[in-house]
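These notes concern the structure reproduced below.
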Amino acid sequence: MAATSRGTSPVPPDVRPRLTVLSGPSGVGKSTVVAHMRTVHPEVWLSVSATTRKPRPGERNGVHYFFVDDEEFDKLVANGELLEWAEFAGNRYGTPRRAVLDRLEAGEPVLLEIDLQGARLVRQSMDDARLVFLAPPSWEELVRRLTGRGTEAPEVIERRLAAAKVELAAEAEFDTTLVNTSVEDVARELLALMLQA
Ligand code: 5GP
């Protein structure tokens with residue numbers, strides 16, 4: 001892949017950066033792909049979402065999410081500070097608008113990792129966004145990943161499986177599908193897509 005770079009930017013000079021949205025069912029490994037991207041390609045700018053969910057062990061405020069309470073989230077919504085937001089499994093998640101637009105205006109590619117509802121909302125407001133669907137190698141593998149994480153209560157897993165079934169059916173709405181057979185491969189393919197015209 002010809003990922004030429006100028007300084008720390010991975011963007012070839014003739015490419016207009018645009019917004020890439022990574023979505024897919026819960027548990028498919030979106031956040032692992034993004035974590036890998038963060039480590040291997042720290043020059044790629046990742047949007048940090050606001051959420052009302054409580055932090056999991058190891059998650060840091062301002063790095064993985066901005067952890068806010070309901071009242072703060074209400075304010076972000078009321079002030080129009082979110083590019084999109086959605087409720088997922090009992091918590092709210094949203095993309096801070098200003099940071100994303102600033103990066104795009106500065107000519108840098110931007111990656112969002114969000115749920116399906118959020119991806120649809122981004123498509124409505126930014127029609128040149130590239131929507132990438134991360135698919136599991138199989139349904140069995142997805143169930144194994146969702147039940148194997150060990151950090152969620154059984155009713156939360158049930159809710160997530162139900163959501164995952166609906167989300168899998170949405171693949172056709174996306175521009176591209178990447179199958180998550182290996183984190184390294186997906187991260188490489190995703191970066192290549194981000195640098196495409
Ligand atoms: P988790 O609680 O596992 O970190 O995330 C749950 C779901 O929320 C995942 O599907 C994740 O992609 C999604 N999500 C994270 N941030 C955002 C966001 O800013 N907007 C939307 N719509 N979904 C998000």
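Whatever order the structure lists ligands and atoms in, that order sets their numbers, starting from 1. Throughout, numbering of the chain's residues begins at 1 and tracks the sequence.
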Side-chain heavy atoms of W139 within contact of L168, under 4.5 Å: yes
Polar contact flag for S49 and ligand 1 (N/O pairs, less than 3.5 Å): yes
Which of the numbered atoms in ligand 1 are below 4.0 angstrom from a heavy atom of [X]?
X	result
A86	22 (N)
K30	9 (C), 10 (O), 12 (O)
R53	1 (P), 2 (O), 4 (O)
G118	22 (N)

With sequence neighbours excluded, residues passing ring pair (Phe, Tyr, Trp, His ring centres under 6.0 Å) with F67: Y65
R98, CZ atom: more than 12 neighbouring heavy atoms under 6.0 Å: yes
Determine, using heavy atoms of [X] and all atoms of ligand 1, whether some pair is separated by less than 4.0 Å.
X	answer
S26	no
E84	yes
R56	yes

Check ion pair [X]-[Y] (N to O, under 4.0 angstrom):
X	Y	result
E87	R92	no
R188	E184	no
D127	R123	no

Nearest neighbour of atom 15 (C) of ligand 1 from the list F88, W85, Y65, F66, on a heavy-atom basis: Y65
Pairing residues for D69 by the side chain to side chain contact (heavy atoms under 4.5 Å, CB included) criterion, not counting sequence neighbours: E71, E72
